[in-house]
**Q** 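This structure is in C-alpha cells; I'll ask about it shortly.
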There are 2 protein chains.
Amino acid sequence: MAEDLVLTATLAVDLIVLTVRNGALAFLAVKRGVPPFRGRWALPGGFVLDGEPLRAAAERELVEETGLSVGAHLEQLATYGDPRRDPRGRVVSVAYLALVPDLPAPVAGTDAADARWHDLDAFRGAGHRLAFDHDQILSDGLERARSKLEYTSLATVFCGDEFTIAELRQVYEAVWGVTLDPRNFHRKVTNTDGFVEPTGRTTARDGGRPAQLFRRGAIELLHPAMLRTAGA
Amino acid sequence: MAEDLVLTATLAVDLIVLTVRNGALAFLAVKRGVPPFRGRWALPGGFVLDGEPLRAAAERELVEETGLSVGAHLEQLATYGDPRRDPRGRVVSVAYLALVPDLPAPVAGTDAADARWHDLDAFRGAGHRLAFDHDQILSDGLERARSKLEYTSLATVFCGDEFTIAELRQVYEAVWGVTLDPRNFHRKVTNTDGFVEPTGRTTARDGGRPAQLFRRGAIELLHPAMLRTAGA
DNA sequence: CGAATAGTGTCTCTTAGACACTATGTC
DNA sequence: GACATAGTGTCTAAGAGACACTATTCG
C-alpha cells in the first residue's frame with residue numbers, strides 16, 4: 001500500500017431530525033445558501049472540526065444551522081463515503097439520527113437561506129429532492145426509526161415530558177403510517193412493565209374523558225415488541 | 001466556521017469477521033507487525049485509498065491481510081472517530097461486519113505478523129486486549145450480529161450452501177450462548193415460509209438418523225422473529 | 001341529553017415452550 | 001439389541017387482534 005495513495009478526506013456530519021407534528025412525521029431541513037446545491041433543501045450538517053468528536057460535531061452543527069438542540073435522542077446512523085457524493089471532492093459524511101418532541105420552528109443559521117420542518121409525506125409527494133445523497137440518508141434514517149419503535153421504548157422521546165397514551169399511539173401511527181386500535185394499544189403499553197409510568201395527573205385537552213398522563217419508563221428494550229401490523 | 005479548523009482525517013476501515021467453528025463463535029484477528037501496537041492482536045483493516053468506496057476498501061483489506069474473501073455477508077456497522085483513538089493522529093475508522101461460513105485458516109499478509117481465528121469466549125476469558133479501540137468495535141459487532149439473528153434469516157450465512165437444521169441451531173446456540181430445544185427449533189424453522197428450503201438430499205454425518213439438507217430460503221426478514229430465550 | 005374520548009372485559013387464534021413419542025440410521 | 005440423532009404430536013400459557021361494553025368529560 002503506497003502511502004501517497006492513502007485517502008485524507010474531509011469529514012462531515014449530517015442529521016436526520018425527526019419529530020411528529022399535527023399527527024404527521026416531519027423532518028428538519030435547511031435551504032442551502034451557498035453552492036453546491038444552492039437553493040436546494042438539504043439535511044442540516046457540516047464539517048467536523050479539528051479535534052472534535054463526531055457526535056459533538058453533530059450537536060454543534062444542529063445548533064448553528066437551526067438554533068435547535070437535540071436533548072432527547074441522538075444516535076449514529078451510518079457513514080456515506082461514495083467518492084462522487086459531493087461535487088467539491090471527497091467528503092465522507094457520518095449521519096446521525098435524532099428523535100425529538102414537537103419543537104419550535106427552527107431559525108436559519110449563517111450558511112442557510114431557510115430552515116424548517118417538512119411534513120415527510122407531503123415533501124416526497126411533491127416530488128422534492130434533497131441535495132447530495134440526502135434522500136438516501138433520510139430514507140435510511142426513517143427505516144431505522146421505524147424499526148426501533150418496534151423493539152425499544154424510543155417512541156416516548158417524540159412526546160413531551162408528560163403525555164397521554166393516545167399521544168403515544170399517534171407517534172406510532174405517524175411513524176409507521178398505520179392505524180392502531182386505541183383499546184388494544186392502551187392495554188399493551190400499560191401492561192408492559194417500565195414502558196410508561198403514571199404521573200397521577202390527568203388532562204382533558206382532547207375533549208372527551210380526561211386521560212391519565214404518563215412519563216417515560218425506565219426500560220429501553222420492549223419485551224414483547226410492538227408489532228407494526230395495521231389495525232382497522 | 002473558519003476553513004483552517006476543518007478536519008481532514010485519514011480514513012480507515014476495520015472488519016469484524018465472525019464465524020462458527022466447532023460449535024463456538026470465532027472472530028478473525030491479525031497480529032500487528034508494525035507500530036503502533038506492534039505484536040498485539042487487532043481486527044483486520046487498513047486505510048481507505050484515494051477514490052475508493054468504503055465497502056471496496058473493506059473487501060480489499062480483508063484479502064490483503066488474511067487471504068480470505070467475504071462473499072457471504074458484509075454490512076457497515078458504525079464509525080469510530082474519537083480524536084485520540086489512534087496514536088498516529090486523527091484516524092476515523094468505518095467498521096464493517098462480515099458473517100461467513102467456516103472458512104480455511106487465514107494467511108497473514110505483508111503488514112501482519114500472524115492471522116488467525118480466535119474463539120471469542122476463550123480470547124476474552126484469557127484477558128487479551130485488542131489494539132486501538134477494537135475491543136469496543138468487536139463488542140458492537142457482536143451485539144449487532146446477536147440481534148440480527150433474531151429478526152433476519154442471517155444465521156444461514158454462517159452455514160455452508162447445504163446444512164441441516166441441527167447445524168443451523170448450533171449457529172444460534174453459539175452466537176447467543178444459549179441452548180435451544182432441538183424439537184421446537186426444528187418446527188419453528190421449517191414452518192417459517194422462506195427461511196430454509198429442502199434440497200431433497202440427506203446426510204448422516206452426525207451418526208444418528210440421517211438429516212435432511214436445506215439451503216437458504218428467499219426471505220431476509222423473519223416473521224415472527226426467533227426468540228433469544230434460553231431453553232433447557 | 002348526545003358526542004367524544006378513555007379505558008376494561010372477553011373471546012378467538014396463533015405461537016412459544018415443555019416434553020412424550022415415533023423414525024431411521026450406526027454400532 | 002443399545003444408542004444417537006431426526007422429526008412429529010400435543011398440551012398449556014401468553015399475547016395479538018377484534019370488538020362489546022363501561023366511564024367521564026364537554027356542550
Side-chain angles (χ1 to χ4, degrees), chain A residues 23 149-151 153 159 162-173 176 178-215 219 221-232, chain B residues 23 149-151 155 159 162-173 176 178-215 219 221-232:
Chain A
L149 287 213
E150 294 186 2
Y151 61 93
S153 57
C159 300
E162 296 197 337
F163 51 88
T164 67
I165 301 296
E167 286 163 359
L168 184 62
R169 174 168 48 83
Q170 283 155 19
V171 167
Y172 278 93
E173 292 179 333
W176 286 347
V178 299
T179 304
L180 300 173
D181 185 292
R183 298 159 294 182
N184 291 334
F185 183 86
H186 186 284
R187 185 181 24 237
K188 167 113 190 192
V189 168
T190 52
N191 284 353
T192 301
D193 283 352
F195 193 174
V196 296
E197 286 175 0
T199 63
R201 314 199 308 143
T202 59
T203 179
R205 53 187 171 231
D206 290 313
R209 169 177 170 178
Q212 284 183 259
L213 286 167
F214 294 82
R215 63 174 145 260
I219 63 162
L221 258 46
L222 297 181
H223 290 293
M226 303 293 290
L227 295 184
R228 208 157 154 174
T229 318
Chain B
L149 286 213
E150 294 186 2
Y151 61 92
C159 300
E162 295 197 338
F163 51 87
T164 66
I165 301 296
E167 287 163 358
L168 184 62
R169 174 169 46 84
Q170 283 155 19
V171 167
Y172 278 93
E173 292 179 333
W176 285 348
V178 300
T179 303
L180 299 173
D181 186 292
R183 300 158 294 182
N184 291 334
F185 182 86
H186 187 285
R187 185 183 23 238
K188 167 113 190 192
V189 167
T190 52
N191 284 353
T192 302
D193 284 351
F195 194 175
V196 296
E197 286 175 0
T199 63
R201 314 200 308 144
T202 61
T203 179
R205 52 187 172 231
D206 291 312
R209 168 177 169 179
Q212 284 181 260
L213 286 167
F214 294 81
R215 61 175 146 259
I219 63 162
L221 258 46
L222 296 181
H223 289 294
M226 302 293 290
L227 295 184
R228 209 157 153 175
T229 318

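Within every chain, numbering begins at 1; the chains are lettered A, B, ... in the order of the sequence lines, protein sequences first and strands thereafter.
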**Q** Please figure out whether Ala211(A) or Asn184(A) has its closest DNA chain C nucleotide nearer the 5' end.
**A** Ala211(A)
**Q** Could you tell me the separation between the CZ atom of Arg209(B) and the C1' atom of dC21(C), rounded to a whole number of Å?
**A** 12 Å
**Q** Rounded to whole Å, how long is the line connecting atom CG of Asn191(B) with atom C1' of dT8(D)?
**A** 11 Å
**Q** Ignoring the backbone of Leu227(A), work out which of dT5(C), dA23(C), dG17(D) is nearest its side chain.
**A** dG17(D)
**Q** Is any side-chain heavy atom of Thr164(B) closer than 4.5 Å to one of Leu213(B)?
**A** yes
**Q** Given atom CZ of Arg228(B) and atom P of dT15(C), what is their separation to the nearest angstrom?
**A** 22 Å
**Q** Between the protein and nucleotides 11-13 of chain C, list every N/O to N/O distance that falls short of 3.5 Å.
**A**
none

**Q** Would you name the heavy atoms of Leu227(A) and Trp176(A) that are closest together and state the gap between them?
**A** O-CZ3, 3.3 Å
**Q** Could you work out, with ring pair (Phe, Tyr, Trp, His ring centres under 6.0 Å) as the rule, every residue matching Phe185(A), not counting sequence neighbours?
**A** Tyr172(A)
**Q** Nearest nucleotide by nearest heavy atom, which residue falls closer to the 5' end of DNA chain C, Pro210(B) or Met226(B)?
**A** Met226(B)
**Q** Could you tell me the separation between the CZ atom of Arg169(B) and the P atom of dG17(C), rounded to a whole number of Å?
**A** 15 Å
**Q** Which of the following nucleotides, dG15(D), dG7(D), dA6(C), is nearest to the side chain of Pro224(A)?
**A** dG15(D)
**Q** Roughly how many Å is it from NZ in Lys188(A) to P in dG9(C), rounded to a whole number?
**A** 19 Å
**Q** Taking side chain to side chain donor-acceptor pair (under 3.5 Å) as the definition, give me every residue that meets it alongside Glu150(A), ordered by chain and number, with sequence neighbours left out.
**A** Arg228(A)
**Q** If I take atom NE2 in residue His223(B) and atom P in nucleotide dG17(D), what distance separates them, rounded to the nearest angstrom?
**A** 12 Å
**Q** Separation of Asp181(B) atom CG from dA20(C) atom C1', in whole Å?
**A** 12 Å
**Q** Look at His186(A) and dG7(C) and indicate whether a side-chain polar atom (N or O) is within less than 4.0 Å of OP1 or OP2.
**A** yes
**Q** Which atom pair, heavy atoms only, marks the closest approach of Ile219(A) to Ser153(A)?
**A** O-OG, 2.8 Å
**Q** If you go through the side-chain atoms of Arg187(B), does one of them form a donor-acceptor pair with the base of dT15(C) closer than 3.5 Å?
**A** no
**Q** Do the side chain of Arg183(A) and the base of dA20(D) come within less than 3.5 angstrom through a donor-acceptor pair of N or O atoms?
**A** yes
**Q** Please answer whether the main-chain N or O of Leu180(B) pairs with a side-chain N or O of Glu173(B) as donor and acceptor at a distance below 3.5 Å.
**A** yes
**Q** Any side-chain N or O of Gln212(A) under 4.0 Å from OP1/OP2 of dA6(C)?
**A** no
**Q** Please report the distance, rounded to the nearest Å, between CG in Leu168(B) and C1' in dA6(D).
**A** 15 Å
**Q** Is Asn191(A) atom CG crowded by more than 12 heavy atoms from other residues, nucleotides or ligands, each under 6.0 Å away?
**A** yes
